[in-house]
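Heads up: the structure comes next, in structure tokens.
In what follows, chains are A, B, ... by sequence order, proteins preceding strands, each numbered from 1.
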Amino acid sequence: MNLAKVIVDVPTMQTNDPYTYLIPDELSDKIQNGMRVIVPFGAGGRKIQGIVADIDHNGDFDGELKEIDGLLDLDSALNDELLSMSKWMAKKTYSFQISCILTMLPSVMRAKYEKELIINDKQDVDDEVLSLFDGANSIDFKVEDIDSTILRKIIQYRKEDKLTVRYKVNDKAKAKKVYAVKPIINSNQAQDELDKLRKNSKNLAKLLDYIINNNEVTITQRKLVNDFNIPESTIKSGIEKGWLTRFWQEEYRNPYEQEVKPNYPLKLNGDQQKAVDSISEATNNEQSDVFLLEGVTGSGKTEVYLQAIQKALENGKTALMLVPEISLTPQMVKRVKGRFGNKVAMLHSGLSSGEKYDEWRRINNGEADVVVGVRSAIFAPLNNIGIIIMDEEHEASYKQDDAPRYHTRDVAKWRCDYHNCPLVLGSATPSLESRARATKGVYKLLSLPKRINNQSLPEVRIIDMKEEIKTTGDEDFSQELLAAINNRLQKNEQIVLMLNRRGYSSFVMCRSCGFVLHCPNCDISLTLHMDSRTMKCHYCGHEEPIPNKCKNCGSKKIRYYGTGTQKVQEKLQNLVPNARILRMDVDTTRRKGAHEKILQKFGNHDADILLGTQMIAKGLDFPNVTLVGVLNADTSLDLPDFRSSERTFNLLTQVSGRAGRADKEGLVYIQTFNPDHYAIRLAQKQDYELFYRKEMSVRHQTNYPPYFFTVKITASDVNEAKAAAKMFEIQKILKAKLSDQALMLGPSPSSILKLKNKYYYQIIIKYKNEPNLSECLNYILNHYQKDAQKGLYVNIDPDPLNFM
DNA sequence: AGCACGCCGACT
DNA sequence: GTCGGCGTGCTC
């Protein structure tokens, strides 16, 4: 029998293994592994999308088989590498293979399902049902949109064959099509036509002239109109006269409007050269080594990446480079594009889904040798990879927060092993896990200790805000920082200020009864936003009007506590009335391209002060910035997460690096209520190595990564007691199946107990070596799958980044 | 996910 | 008796 194994688009544990289908004769020569197909699945003629995992033209199957309905692709959507990776990834992340496959593909390749209801004979159905159709013979419908008594009738009619339900699998993956034209007469014929033409037919003459000179070429109609100044109406008459044919042609959408200036390799210093040599040697020898490139801000990591990529390309290989959030680093994008030109494909969140699909197809068709992108770009269908680079490898955005919960670093390592090529992890402040592996010799450490041009690091001063409050009562701006701001404004130099909290005030409290306004859906206080004049929840997006009296006691003594970027902007504008202030946070950058606009404006010196949340800390490089102020360094320090020190150190180090990159000396102020905390003290000295050692000893004492591995198990339900009870059940299973060396935290409510109207309870397992662990977790998944139908979800997050 | 089947309480 | 509620199990 001619059989295909198909992974069906039904994300459950029971359907995680492939199903076998018959291949109909007419598809036999076209079907390939990794193609998307439409298959019937279950009763009632339901149709769904699937992926071909295996083909056996001479197979056997014990039992009934259905036939594949049709193909959704002309070519494989997934090559063998990605197909086998999806299997590994499903296991590793405790998720379904189909979910892994669909995250690897551009979102438009995830089919939409629709149901169509068709009347067989209008005489058969009653008026109530007939009225749904509004005169037509068929309608698209969703079960949840239809009233239950009518639905019951529909089900009855369907049983009696009076109505038919047709399932549709709608592929959204559509290439953009444009009109193209091609001459169908030769140059001589065109010359004859030109001779016959009336003298005043200027446009037709132009068209014939074009045909004489471009006889064999296909050209888009748009180009013919724009570049040759021939109107569309003329092209149409040319077609009617039989000179040209017109047809639809696929075209890639072009997301890069502006031209990028080419740039050329820079001269490397000794450390950079050594790094490039070591990496290229691994590429040449096809060794899947992992390099940790540790270099302070401004040490020229990017140039190392680019030259290592160059070497891979010279070897006939391709390269993959990952960055945290590309829209934040337009400077980086320009540099890569400028170096490698149109061999580069970009995959980032600023592209529309159509543009992403086109970039994906360019890569899949082998038209791009270098791919630059964010997390999901790790799945780019490149062949023959010679190097994978992860810039700022410590960034949390490399880990996907929802299923499949993969870490880009793990996927990258898998691909490097597959392609026998090196993985380069670059950072000024590597994650402790990576740095520890480098110490153990699992990764090879390459360091760039010197800043290019021997620029000195900026001076960092810590300001104790406890003292400041005692003397001035101001908790936002210390005297010293304010003086420095004024000084820079006078010298016409620029300033970057970071406050890691958006909105106006973080909460409102009634001074009579102490009541704090909370989100009705989440266990979190609402933040005041002055621009929209609303109270907003930063987790679920809930908004409500600003209260003028307390909802609890009716008192009008309401006060706003805590400071956000909006309030600081207002306050700062009062303190320095002539300064031009730009604010950059989630609220001002929501629109597409808003990031770039703000950064460009600041880069052109159309503003003096850039005030923003942590998004300003990353990758931007403005030579005229000589002062950086961190208004409150404690926001990230106070979080209930063992990584809060590491995050704070990273953030402070990164934002400090924004000061004084050119010939001008930089100065950094860190305002804090914890001036003696080691994360802040060591960020002041920009001493990563010492921080690494100090933090490692803390992790050692508290049994946290990198000394222990962790897994987070979460249960969520609209009913708090059910979620909690489930976690206690799971705790019992874990205790029975794991060794007594595994440490368990919980069950406990998650630090945001209630989120979007669901309650969350969690257990964290810390372990060193638990051979039974994955079997045990799979048992839990299988055991609790039926609960998911009732809305009780159990989630497993291996190596979670977020402990809250 | 979405469907069918089967078991139970409430109703003509 | 039967209708329709929901819980459970299966889909090549």
Under 3.5 Å: donor-acceptor pair, side chain of A:Ser86, backbone of A:Ile101:
no

Nucleotide range of DNA chain C lying under 4.0 Å from chain A heavy atoms:
C:dG4 to C:dC12

With a 3.5 Å distance limit and no angle check, can you tell me whether A:Asn16 reaches the backbone of A:Gln97 through a side-chain donor-acceptor pair?
yes

Under 4.0 Å, heavy atoms only, any strand: does A:Phe41 hit a base, just the sugar-phosphate, or nothing?
base

Hey, what's the ring geometry for A:Tyr406 with A:Phe379, parallel, tilted or perpendicular (30° and 60° as the breaks)?
perpendicular

Looking at A:Lys142 and A:Glu114, would you say the former's side chain and the latter's main chain have a donor-acceptor pair under 3.5 Å?
no

List the atom pairs, donor and acceptor, that lie under 3.5 Å between side-chain atoms in residues 43-54 of chain A and the rest of the protein, sequence neighbours left out.
residue: A:Gln49; atom: OE1; partner: A:Ala111; partner atom: N; Å: 2.9
residue: A:Gln49; atom: NE2; partner: A:Met109; partner atom: O; Å: 2.8

Sorted by chain and number, sequence neighbours left out, ring pair (Phe, Tyr, Trp, His ring centres under 6.0 Å) with A:Tyr19 holds for A:Phe41

Among residues 10-18 of chain A, which contact DNA chain C at a heavy-atom distance under 4.0 Å?
A:Gln14, A:Thr15

Going by ring pair (Phe, Tyr, Trp, His ring centres under 6.0 Å), name the residues that satisfy it together with A:Tyr760, two or more places apart in sequence or in a different chain.
none

A:Arg46 atom CZ is separated from B:dC3 atom P, nearest whole Å, by 7 Å

Output all residues satisfying ring pair (Phe, Tyr, Trp, His ring centres under 6.0 Å) with A:Tyr759, sequence neighbours left out; order by chain, then residue number.
none

Apply side-chain hydrogen bond (donor to acceptor under 3.5 Å, both in side chains) to residues A:Gln762 and A:Ser750 and explain how you reach the verdict.
CA-CA 6 Å; A:Gln762 65 182 34; A:Ser750 301; 3.2 Å; yes

Near DNA chain C, counting only heavy atoms under 4.0 Å, which residues of residues 24-39 of chain A show up?
none

Would you say the ring centroid of A:Phe61 lies under 6.0 angstrom from that of A:Tyr21?
no

Suppose we screen for ring pair (Phe, Tyr, Trp, His ring centres under 6.0 Å). Which residues come up paired with A:Phe708, at least two apart in sequence or across chains?
none

Applying side chain to side chain donor-acceptor pair (under 3.5 Å) to A:Ser99 and not counting sequence neighbours gives none

With a 3.5 Å cut-off and sequence neighbours excluded, list the donor-acceptor pairs that the side chains of residues 68-76 of chain A form with protein atoms.
residue: A:Asp73; atom: OD1; partner: A:Arg36; partner atom: NE; Å: 3.3
residue: A:Asp73; atom: OD1; partner: A:Arg36; partner atom: NH2; Å: 3.0
residue: A:Asp73; atom: OD2; partner: A:Arg36; partner atom: N; Å: 2.9
residue: A:Asp73; atom: OD2; partner: A:Arg36; partner atom: NE; Å: 3.0
residue: A:Ser76; atom: OG; partner: A:Gln32; partner atom: OE1; Å: 3.3
residue: A:Ser76; atom: OG; partner: A:Asn33; partner atom: O; Å: 2.4

Does a donor on one side chain sit under 3.5 Å from an acceptor on the other, for A:Asp9 and A:Tyr113?
yes

For DNA chain C, find the residues of residues 88-115 of chain A with a heavy-atom distance under 4.0 Å and give them by number; none if there aren't any.
none

Between A:Glu770 (side chain) and A:Leu738 (backbone), is there a donor-acceptor pair under 3.5 Å?
no

Does the protein touch nucleotides 4-12 of chain B at the base, only the backbone, or not at all? Give it as B, S and - per nucleotide, heavy atoms under 4.0 Å.
S--------

